Number of protein chains: 2
Amino acid sequence: MPPKKTILRDAAPYLPELTLDCVILSFHEDRLKVLLLRWKGTQEWSLPGGPIQRNEAVDAAANRILKERTGLDDIFLQQFHVFGEVERYNREEIRHKLKHLIDPDKWYERAVSVGYYALVDYTKVTPTPDAYTEQCAWWDVQHTPALLFDHNHIIHVARQALRTQLSWQPIGYNLLPEQFTLPELQRLYEAILGKTLDPRNFQRKMLSLGILERLAERRRGGAHKSPYLYRFKKEQYELKLKEGNLFFT
Amino acid sequence: MPPKKTILRDAAPYLPELTLDCVILSFHEDRLKVLLLRWKGTQEWSLPGGPIQRNEAVDAAANRILKERTGLDDIFLQQFHVFGEVERYNREEIRHKLKHLIDPDKWYERAVSVGYYALVDYTKVTPTPDAYTEQCAWWDVQHTPALLFDHNHIIHVARQALRTQLSWQPIGYNLLPEQFTLPELQRLYEAILGKTLDPRNFQRKMLSLGILERLAERRRGGAHKSPYLYRFKKEQYELKLKEGNLFFT
DNA sequence: GCAAAAGTGTTACTTATACACCCATGG
DNA sequence: CCATGGGTGTATAAGTAACACTTTTGC
């Protein structure tokens, strides 16, 4: 048992010098999207994030924020970097831009932030602003505005981390709806890797992992041959992920 | 400029809820070693680590601790995980074991820790205890004692991270003396990967990276053929590392 | 019928793996 | 002379990369 005594900083409901920021990514109309928040009474955008409660694990706080902003639970969420510089961004500029919203006694101190990224199904998300913001929306990750804090930098680092992780774990499982076509999956990989892939080689490699199941139906609607629908075979996917022999290079 | 006002927590010279822990690894007599500290008046060991100063970047704090405990500067040091659980370890047990050393008003609060690992040259290190400890020594990483806090767990996570990173960046550069033999490098890889490698395949792969230079001299001393000495070609090594095409699988 | 995108196989090349003998040295 | 560990090559298998045409669909 921890001691029962109360000291001053125990009174604060949050860990005062630690925050987290979530780079919540999805895939829609062949583009990677990132979820951003617009602060009340401004045209300023930032990543979702915030402080960590004193009795809350950091991972739990990331899940809480994800849940609050998207409505989604139980999602792939990955710590990718700690942003621990003393002057991560111009605090005076933030003070100026957000002065109508935040108590200067509580904010603008130096804070270290833990960066997380999440991969979510665009169709399942209900973007929801928080107490400080009035709009929550998807932005094309290639065309975000200039963000508050060091959030453009955080997105950049997240995308690098994601590219690295791609070799170790196929990611479509989290980013796509339950049913999808191989060309859709290929375009997702192309969006993340930032280069085009050969469809024959892509299909051969992806199918050889043994984690996809082809369904009887096809997707209809375009003026072209109808592609087959696939879905992930959950058990095989989880099994291979655990064994660590899911590579895609 | 940040505001000039002083609020209570500004008085603390450290960020109170954030610490870091360093898994400092080296290689000696064919074994991976980890640097541990023994706390004053006890037989209890822990990793080097500690709080972060209010005006100090987290990476800078890790470098400071590395420097203080080893005498080394400018070393490969890598953030690998944030340990953010609420109950990372039994605080009451720590309170009991270290009660003669630490002020109960300041310690035993929940703290989040950033884990770093460093790879250092065993021969260049002068193990140096800190203010709370009376011994600083290398332990075989396979045979550490039961450590304070959650430090056995932290070492375990560090080793996993190291194994993953091994594929992306050859690591002998940091762990070996300037001159070394290929069998020595191979034994280092074997120690990290936990399996034996074929010497012909190992040498071919390692040399094909183009970052090693064979010297004229050989290492003498054993009752066997004298192995060649090698050293890293610093420029090529750094260049390839930056380009990201240094793989070892 | 025509434009758009999907589906599909083969070959060359590169990389990884498996495997065994001789050589230099110190004692 | 002998025990120890270092140095070295080749053959096979696996994986990766490059490449183009036919099919289906909606309009």
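Nothing here was measured: the structure is a model prediction, and the numbers come from that model. Naming: A, B, ... by sequence-line order, numbering from 1 per chain.
One atom, CE of B:Met206, and another, C1' of D:dG7, lie 17 Å apart when rounded to the nearest Å. Counting to the nearest Å, the C1' atom of C:dG7 and the CG atom of A:Leu229 are 15 Å from each other. Computed from coordinates, the A:Lys205 NZ to D:dA18 P distance equals 11 Å when rounded to whole Å. If you measure from atom CZ of A:Phe202 to atom C1' of D:dA17, you get 16 Å, rounded to the nearest angstrom. Rounding to whole angstrom units, CZ of residue A:Phe180 and P of C:dA6 are separated by 15 Å. In this structure, CG of B:Leu207 is placed 12 Å from C1' of D:dT8, rounded to the nearest angstrom. Whole-Å rounding puts the B:Leu182 CG to D:dG5 C1' distance at 14 Å. Per the geometry, CG belonging to A:Leu197 stands 11 Å off P belonging to D:dA18, to the nearest Å.
Note: B:Phe80 and B:Tyr117 have tilted aromatic rings, judged against thresholds of 30 and 60 degrees for the angle between ring planes. Aromatic ring pairs are classed by plane angle as parallel below 30°, tilted from 30° to 60° and perpendicular above 60°; the pair B:Phe149 and B:His151 is tilted.
A 4.5 Å side-chain heavy-atom check between B:Asn174 and B:Phe27 finds every atom pair outside the cut-off. Side-chain atoms of A:Val120 and A:Leu35, non-hydrogen and from C-beta on, never get closer than 4.5 Å to each other.
Annotation for A:Gln179: atom CD counts as buried by contact number, over 12 foreign heavy atoms lying within 6.0 Å.
Every residue two or more places apart in sequence or in another chain was checked for a side-chain hydrogen bond (donor to acceptor under 3.5 Å, both in side chains) with A:Glu68, and none qualifies.
Exactly one residue among A:Trp39, A:Trp139, A:Trp138, A:Tyr132 makes a ring-ring contact (aromatic ring centres under 6.0 Å, His included) with A:Trp45. That residue is A:Trp139.
For the helix from C:dG1-D:dC27 to C:dG27-D:dC1, the rotation axes defined at the first and last 5 base pairs enclose an angle of 10°, given to the nearest 10°.
If you take CG on A:Leu36 and OG1 on A:Thr144, they are separated by 7.0 Å, rounding to the nearest 0.5 Å.
B:Phe180 and B:Phe232 have their aromatic ring centers within a separation under 6.0 angstrom.
Considering only side-chain N and O atoms, B:Arg219 lies nowhere under 4.0 angstrom from the phosphate OP1 or OP2 of D:dG7.
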In B/S/- notation (B base, S sugar-phosphate only, - none; protein heavy atoms under 4.0 Å), nucleotides 19-27 of chain C written 5' to 3' is BB--BBBS-
